[in-house]
Amino acid sequence: MSWETVIGLEVHVQINTKTKAFCGCSTEFGADPNSQTCPVCLGMPGQLPVLNMEAARKSVLTGLAINGTINLESKFDRKNYFYPDLPKGYQITQFPVPIVELGHLDIPVGDGEKRIGITRIHMEEDAGKSMHEGLDGVSHIDLNRSGVPLMEIVSEPDMRNADEAIAYLKQLHQLILFLGVSGANMEKGQFRCDANVSVHQPGTPLGTRSELKNMNSFRFIKQAIDYEVNRQIELIEDGGEVAQETRLYDSVKGETRPMRSKEEAHDYRYFPEPDLPPLRISQQEVEAIKAGMPELPGQLRARFESEFGLSSYDADVLTQTRELAGWYESLVAAHPADPKRCANWLANELLGRLKEMETDVADSPVSAHKLAGLLDRIADNTISGKSAKDVLDAMMASGDDADAIIEAKGLKQVSDSGAIDEMILKVMADNPQQLEQFRAGKDKLMGFFVGQVMKASRGQANPAMVNQRLKELLKA
Ligand code: ADP
Ligand code: MG
Ligand code: ZN
């Protein structure tokens with residue numbers, strides 16, 4: 001039987017406001033437990049929430065970036081459930097009328113693109129954090145996260161395999177970072193994904209889905225989806241039925257297991273939040289937010305292709321983050337003669353070395369200005385591209401600039417035609433037999449002569465000049 005996988009994703013993004021969604025407490029990550037709390041986010045009775053409009057504006061910005069419809073009036077609701085890290089006994093969220101509806105994201109699939117529908121983006125508040133580990137059977141609760149603003153971005157069930165799901169998540173993650181609306185650090189829980197997964201026979205109604213939670217990296221999300229798809233197919237082929245349930249991914253065992261089934265599932269008894277007025281945004285405000293939209297990844301890629309003549313592959317690599325793209329632009333500004341050379345040296349040489357050092361481009365020991373200094377020496381033929389790689393190694397290690405290293409290592413390329421002619425004539429004199437054969441028509445020996453001259457110069461002769469002078473002198 002041929003099975004089709006269907007995936008829809010719910011992504012929770014912590015919005016990077018200074019203060020929480022409904023009170024003035026700091027959202028700073030990593031503070032002492034419970035040091036950033038107040039009666040509102042501790043859920044004390046009688047406390048009134050007041051919306052942080054910055055969180056709403058950042059949600060609108062995100063909605064515009066996914067071509068969504070902005071609801072100028074949206075509403076808050078209470079989602080009721082009991083959990084120790086939810087002191088109010090309900091979460092403020094948006095249910096029937098979210099701030100954004102009906103957008104989409106185009107993701108790369110094979111050589112083309114695929115459009116993934118986004119059903120809605122709604123605002124809500126984060127819960128606190130329960131801590132169980134290493135506490136001798138006691139649980140502790142940290143409410144610093146309680147009330148941190150979230151956007152929940154809900155996709156349509158448009159993805160057909162784990163790779164599409166990961167492509168969607170990476171695209172969304174990059175977009176969020178470019179928009180500057182969240183740190184989106186997955187390890188810090190600032191970008192979290194629940195995956196809804198089902199299988200069915202193409203042409204039949206969608207199958208029953210399970211919802212996978214507890215995956216904090218792209219790798220784990222892919223593993224969890226692949227595991228779950230196989231589990232569902234085997235289950236159905238063995239005559240069983242998929243239960244609609246929430247399953248936790250165990251990254252140590254590499255499997256998903258049931259957390260709660262729909263029968264035990266909460267009836268959240270959503271009802272309108274009486275303590276908050278409707279969230280109103282004027283059309284002018286939406287326009288102002290739109291006017292402040294930063295350059296998005298797709299636009300940046302297109303600009304790098306047209307402005308700097310980069311291949312779409314290079315443009316893609318260099319626009320992975322805004323920091324990297326900015327670094328590339330500084331490099332081109334300092335070495336404007338050859339943007340393509342800049343791209344090659346940044347993408348292939350510098351990034352490769354940084355990766356080995358597990359260092360980000362922001363912390364590169366070689367600055368854009370210094371790398372440009374090295375590229376200048378290649379451009380003016382002081383050194384060959386080959387020895388430039390050794391110079392870059394030395395620059396990475398010492399932080400010195402290219403000229404100092406070229407000088408100290410005596411790497412200066414010989415581009416003096418007199419000196420090159422001298423070497424060529426010596427090589428010709430030392431190899432009369434080969435010279436005779438060459439002159440008799442054995443063209444292949446050109447490579448031999450180039451090699452001999454390069455060797456005589458200890459690799460420092462300018463290869464282009466050696467080739468050119470050899471052609472002339474060997475003929476005579
Ligand atoms: P809930 O609020 O119970 O999680 P929603 O209707 O909001 O339910 O759906 C949540 C997610 O599940 C959405 O991302 C949606 O695309 C996805 N989804 C819905 N039906 C299926 C299905 N049959 N298979 C896979 N994903 C699905
Ligand atoms: Mg859900
Ligand atoms: Zn507070």
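Each ligand, and each atom within it, is numbered from 1 in the order the structure gives. These numbers come from a predicted model, not from an experiment.
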Review point. Cut-off 3.5 Å, side chains only: do Arg269 and Asn80 have a donor facing an acceptor?
Key: no
Point to revise | Asp163 with Lys222: basic N within carboxylate O range, under 4.0 Å | key: yes
For residues 344-351, run the donor-acceptor check on the side chains, cut-off 3.5 Å, and write out each pair with its distance to 0.1 Å, sequence neighbours left out.
from: Asn348; atom 1: ND2; to: Asn344; atom 2: O; distance (Å): 3.4
from: Glu349; atom 1: OE1; to: Arg353; atom 2: NH1; distance (Å): 2.8

Check your understanding: For ligand 1, which atoms sit closer than 4.0 Å to a heavy atom of Gly207?
Key -> 23 (N)
Review point. Are Lys170 and Phe218 in a cation-pi contact, defined as NZ or CZ under 6.0 Å from the six-membered ring centre and within 45° of the axis?
Key: yes
Review point. Are Glu237 and Trp3 close enough that a side-chain donor and a side-chain acceptor fall under 3.5 Å?
Key: yes
Review point. Given Ser210, Ala195, Ser155, Ser198, which one has a non-hydrogen atom that is nearest to atom 16 (O) of ligand 1?
Key: Ser155
Check your understanding: Given that the side chain starts at C-beta and the backbone is N, CA, C, O, which of these parts of Val6 lies under 4.0 Å from ligand 1, counting heavy atoms, or is it both or neither?
Key -> both
Practice item. Identify, by atom number and element, the atoms of ligand 1 in contact range of Leu206, meaning under 4.0 Å from any of its heavy atoms. Key: 23 (N)
Revision key, fill the gap. Near the Zn ion (ligand 3), meaning under 2.8 Å, the protein N/O/S atoms are Cys23 SG, Cys25 SG, Cys38 SG, Cys41 SG
Check your understanding: How are the rings of Tyr328 and Phe304 set to each other: parallel, tilted or perpendicular (split at 30° and 60°)?
Key -> tilted
Practice item. Have a look at ligand 1 and work out which part of Val154, if any, has a heavy atom under 4.0 Å from it: side chain, backbone, both or neither. Key: side chain
**Study point:** Heteroatom proximity flag, Pro157 to ligand 1, N/O under 3.5 Å
**Key:** yes
Point to revise | Pair Asp401 + Arg377: basic N to acidic O under 4.0 Å | key: no
Practice item. Answer side chain, backbone, both or neither: which part of Leu9 comes under 4.0 Å from ligand 1, heavy atoms only. Key: backbone
**Study point:** More than 12 heavy atoms of other groups within 6.0 Å of Tyr83 OH
**Key:** no
Practice item. Identify whether the distance between the nearest side-chain nitrogen and carboxylate oxygen of Glu295 and Arg303 falls below 4.0 Å. Key: yes
Review point. Do any nitrogen or oxygen atoms of Val197 lie less than 3.5 angstrom from nitrogen or oxygen atoms of ligand 1?
Key: no
Check your understanding: What atoms of ligand 1 come within less than 4.0 Å of a heavy atom belonging to Glu156?
Key -> 16 (O)
Check your understanding: Side-chain donor-acceptor pair under 3.5 Å between Ser74 and Gln94, yes or no?
Key -> yes
